[in-house]
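The structure appears below as structure tokens.
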Protein chains: 2
Amino acid sequence: MVDDRQGAGADRLRANDSPAGLRARLSDVAAEANVTKSVASRVLNQDPTLKVREETRARVAQAAERLGYQPHSGARALASGEAGALALLLPDLSNPVFSRILRGAFVRALARHYMVVVVEEDPGVEATEQVTDLVRSGRVDGLLIGTARPGHPLFERDLAAFPHVFVNRPVAGSHRNVYLDFREASALAVEHLLSLGHRRLAHIAGPVDVTSAHEREKGYQAALASHGLGRGPVVHGTFDEEGGAEATSRLLRRHPEVTGVYVSSLTQAVGVLHAARALGRPAPGGLSVISFDDSPLARYLDPPLTCVSTSLEELGERAVDALISQLEGQLVGDVVISGQSNVVRRQSTAPV
Amino acid sequence: MVDDRQGAGADRLRANDSPAGLRARLSDVAAEANVTKSVASRVLNQDPTLKVREETRARVAQAAERLGYQPHSGARALASGEAGALALLLPDLSNPVFSRILRGAFVRALARHYMVVVVEEDPGVEATEQVTDLVRSGRVDGLLIGTARPGHPLFERDLAAFPHVFVNRPVAGSHRNVYLDFREASALAVEHLLSLGHRRLAHIAGPVDVTSAHEREKGYQAALASHGLGRGPVVHGTFDEEGGAEATSRLLRRHPEVTGVYVSSLTQAVGVLHAARALGRPAPGGLSVISFDDSPLARYLDPPLTCVSTSLEELGERAVDALISQLEGQLVGDVVISGQSNVVRRQSTAPV
DNA sequence: GCGCTGAAGAAAACCGGTTTTCTAGGAGGC
DNA sequence: GCCTCCTAGAAAACCGGTTTTCTTCAGCGC
């Protein structure tokens with residue numbers, strides 16, 4: 001019948017498919033430069049094993065430029081096995097701590113030609129499944145895990161073999177941690193309070209099973225010990241305003257003698273200021289309050305909050321670097337970000 | 001030579017390539033179910049044009065289940081032309097407003113089998129380029145644009161033909177807007193102040209070129225007009241604490257007679273409370289303050305902030321729905337989310 | 001004059017799906 | 001008994017890259 005003619009027609013149409021269409025394909029670039037796909041690909045990817053004349057190389061580069069060539073990410077992922085994307089697992093996006101980590105990770109990843117896919121671990125179990133899918137569908141090449149907790153379902157899986165680093169919340173013995181020097185930061189906070197004459201200190205910590213919070217707590221105790229003050233009181237609360245407020249009322253009930261507290265996070269500190277006020281111990285007169293982590297908000301609280309500022313953006317950046325190193329085959333080991341913390345004095349702390 | 005043997009060996013190896021390897025491929029599923037790839041694919045994707053016995057269908061489903069089959073996203077994107085991902089463009093992730101929109105979008109997208117890729121428009125120009133790359137590399141199927149401003153570089157491009165909706169910040173005449181009923185929310189705020197006896201009101205607005213802020217401003221004026229109060233004073237400020245504080249001092253200098261203000265955003269409101277305090281007009285006695293948008297923070301400010309709560313998560317959800325409809329070929333038109341706002345009374349507003 | 005070697009690039013296989021086209025076999029109509 | 005039509009599925013083309021293998025040709029030594 002007419003099958004043959006149709007077939008030929010279709011073929012010709014396809015072969016002629018003008019590069020003026022929508023996107024330029026690699027074959028368009030190759031045709032424009034009078035080379036084959038393979039040469040075009042290898043020139044554009046700087047394949048060191050390729051031998052070409054400089055002139056040809058230039059022709060390909062110009063053709064790509066002229067056509068505005070942008071490789072199809074799916075095709076590339078399929079052929080090369082690399083997705084060019086990283087997943088970042090965060091517990092809570094509404095917390096500025098994590099949006100700052102995200103920002104750092106994002107910018108750094110972009111500079112290194114990777115995308116970042118954010119996953120918020122909201123509904124617990126579902127997020128795990130989602131991450132599994134992300135990995136198994138080949139959408140990402142590695143995981144930046146900011147949600148680590150002991151016994152987290154993620155570690156039960158076979159994902160252990162998949163490239164990953166732990167961001168902010170270290171996992172002991174993993175040798176894949178990127179985190180702030182919590183000891184250092186805690187020492188600064190304690191020393192600030194001591195320098196104002198406070199001797200009866202307390203720590204309002206985060207949840208017991210969050211390692212980053214636990215590190216701050218240990219840093220606090222270590223700092224007290226190094227000043228010969230023995231162990232100090234600690235109360236735990238969730239990482240939000242309510243957790244801070246609730247912990248404060250527990251603290252002041254049990255330890256009314258405390259005059260200075262070091263709070264584990266800024267969101268908690270907002271609740272601490274509130275509760276202190278409500279309990280007739282407004283900062284700084286009734287209680288000196290210093291918080292881990294800074295943000296523009298801190299300046300506008302009542303009273304403006306003294307903080308230990310941290311470099312969360314750098315945390316995100318370094319985590320991306322560590323993960324990419326891992327993808328390239330080098331295991332990096334733990335990365336501890338030190339020497340970046342400093343106390344920002346505002347009005348929530350005062351001499352005794 | 002031995003080429004043939006090697007070739008055959010390689011082929012056999014590949015053909016035998018056990019599904020116990022790493023990922024199950026479609027061909028593994030097909031082999032397991034004793035059908036061809038095409039049948040397997042069409043069964044799993046519920047192709048309505050496929051004719052198969054129910055029994056075969058079940059065999060394929062079971063095989064996929066047994067092997068834990070997850071299609072390779074790159075391969076699928078390449079073959080089908082659909083990436084299965086949407087980009088969400090946001091101006092500032094550290095602002096909880098946007099993280100809530102993101103959360104809503106994320107959850108909804110997931111339920112509809114799409115990923116969300118977030119892009120923060122930090123460094124201005126670069127972000128535009130980044131979005132262009134995202135689109136042209138076929139990584140996303142559509143754009144959720146939360147960064148619209150008149151004259152934004154994105155609209156100059158040929159992206160107009162690419163599926164997109166505007167989230168939160170409407171663009172007049174685009175017929176692709178998904179936004180809150182700002183008029184309604186502003187009316188509630190104004191009426192709340194009026195109900196407390198305030199008659200000299202003012203509005204602390206966002207940047208002049210942000211349409212969502214402009215809508216609130218118009219809503220404020222409309223509400224005043226509908227109560228026969230003529231036009232009220234408006235001062236503009238950036239969408240952060242400092243912008244709110246600075247606008248407040250300008251306002252109180254020019255209009256000291258004002259007793260109630262409606263603030264365009266919660267971050268600004270923090271600055272407003274601060275500035276009012278600093279200027280000897282602490283809320284609520286010196287100035288009643290009501291803010292657009294609510295958050296847990298508001299409860300813990302001093303004084304706790306009266307807010308018009310909004311459903312930003314729903315905004316994200318509806319935007320995703322609208323965009324997916326568009327991908328499916330139906331142009332939806334503007335979506336205005338009404339009837340969800342209500343005033344949350346706290347202590348920053350009081351009778352005159 | 002001839003085989004050898006290396007440079008420069010062409011050709012083809014492959015990644016893992018989707019989608020279109022093709023075909024074997026059985027039922028039904030006449 | 002033969003043709004047609006339909007069902008159920010097989011076969012193959014294609015998406016746009018990457019990567020491995022092959023080919024051609026010039027220069028060289030002898």
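Sequence lines set the chain letters: A, B, ... in the order given, protein chains first and strands last, and positions in each chain run from 1. Computed over heavy atoms, backbone and side chain alike; hydrogens, waters and symmetry mates excluded.
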If you compare every side-chain N and O of [X] against the phosphate oxygens of [N] (OP1, OP2), does one of them come in below 4.0 Å?
{"X": "B/Y69", "N": "C/dG16", "result": "no"}
{"X": "B/R53", "N": "D/dA8", "result": "no"}
{"X": "A/T56", "N": "C/dA8", "result": "no"}
{"X": "B/R23", "N": "C/dG17", "result": "yes"}
{"X": "B/S41", "N": "C/dG17", "result": "no"}
{"X": "A/R76", "N": "D/dT18", "result": "yes"}

Between [atom2] of [N] and [atom1] of [X], the distance in whole Å:
{"X": "B/D28", "N": "C/dG17", "atom1": "CG", "atom2": "C1'", "value": "12 Å"}
{"X": "A/N45", "N": "D/dT19", "atom1": "CG", "atom2": "C1'", "value": "11 Å"}
{"X": "A/L50", "N": "C/dG9", "atom1": "CG", "atom2": "C1'", "value": "8 Å"}
{"X": "A/K51", "N": "D/dT21", "atom1": "NZ", "atom2": "P", "value": "17 Å"}
{"X": "B/E82", "N": "C/dG16", "atom1": "CD", "atom2": "P", "value": "21 Å"}
{"X": "B/E55", "N": "D/dT7", "atom1": "CD", "atom2": "C1'", "value": "15 Å"}
{"X": "A/L78", "N": "D/dG16", "atom1": "CG", "atom2": "P", "value": "12 Å"}
{"X": "A/E54", "N": "C/dG9", "atom1": "CD", "atom2": "C1'", "value": "15 Å"}

Aromatic ring proximity A/F162/A/H164, centre distance under 6.0 Å: no
5' priority, DNA chain D, between A/S80 and B/R57 [closest heavy atom]: B/R57
Check every atom of [options] against the side chain of [X] and return the nucleotide holding the closest atom.
{"X": "B/H72", "options": "C/dA8, D/dT18, C/dG17", "value": "C/dG17"}
{"X": "B/R42", "options": "C/dT20, D/dT18, C/dT18", "value": "C/dT20"}
{"X": "B/A79", "options": "D/dC15, D/dA10, D/dG9", "value": "D/dC15"}

Full working for side chain to side chain contact (heavy atoms under 4.5 Å, CB included) between B/M115 and B/L86: CA-CA 6 Å; B/M115 288 272 81; B/L86 310 173; over 6 Å; no
Touch class at under 4.0 angstrom, heavy-atom based, for B/D47 against every strand present: nothing
Which residue lies more 5' along DNA chain C, comparing B/V39 with B/A75 via nearest heavy atoms: B/A75
Any donor-acceptor N/O pair under 3.5 Å between C/dA12 base and A/S38 side chain: no
Other residues, nucleotides, ligands: >12 heavy atoms within 6.0 Å of A/E65 CD: no
Test salt bridge (Lys or Arg N to Asp or Glu O under 4.0 Å) applied to A/R176 and A/D334, step by step: CA-CA 5 Å; A/R176 294 154 176 266; A/D334 286 4; over 6 Å; no
Main-chain N/O of B/P71 paired to A/R136 side chain as donor or acceptor, under 3.5 Å: no
Verdict with reasoning, A/D133 to A/R139, per salt bridge (Lys or Arg N to Asp or Glu O under 4.0 Å): CA-CA 9 Å; A/D133 287 359; A/R139 235 182 244 273; over 6 Å; no
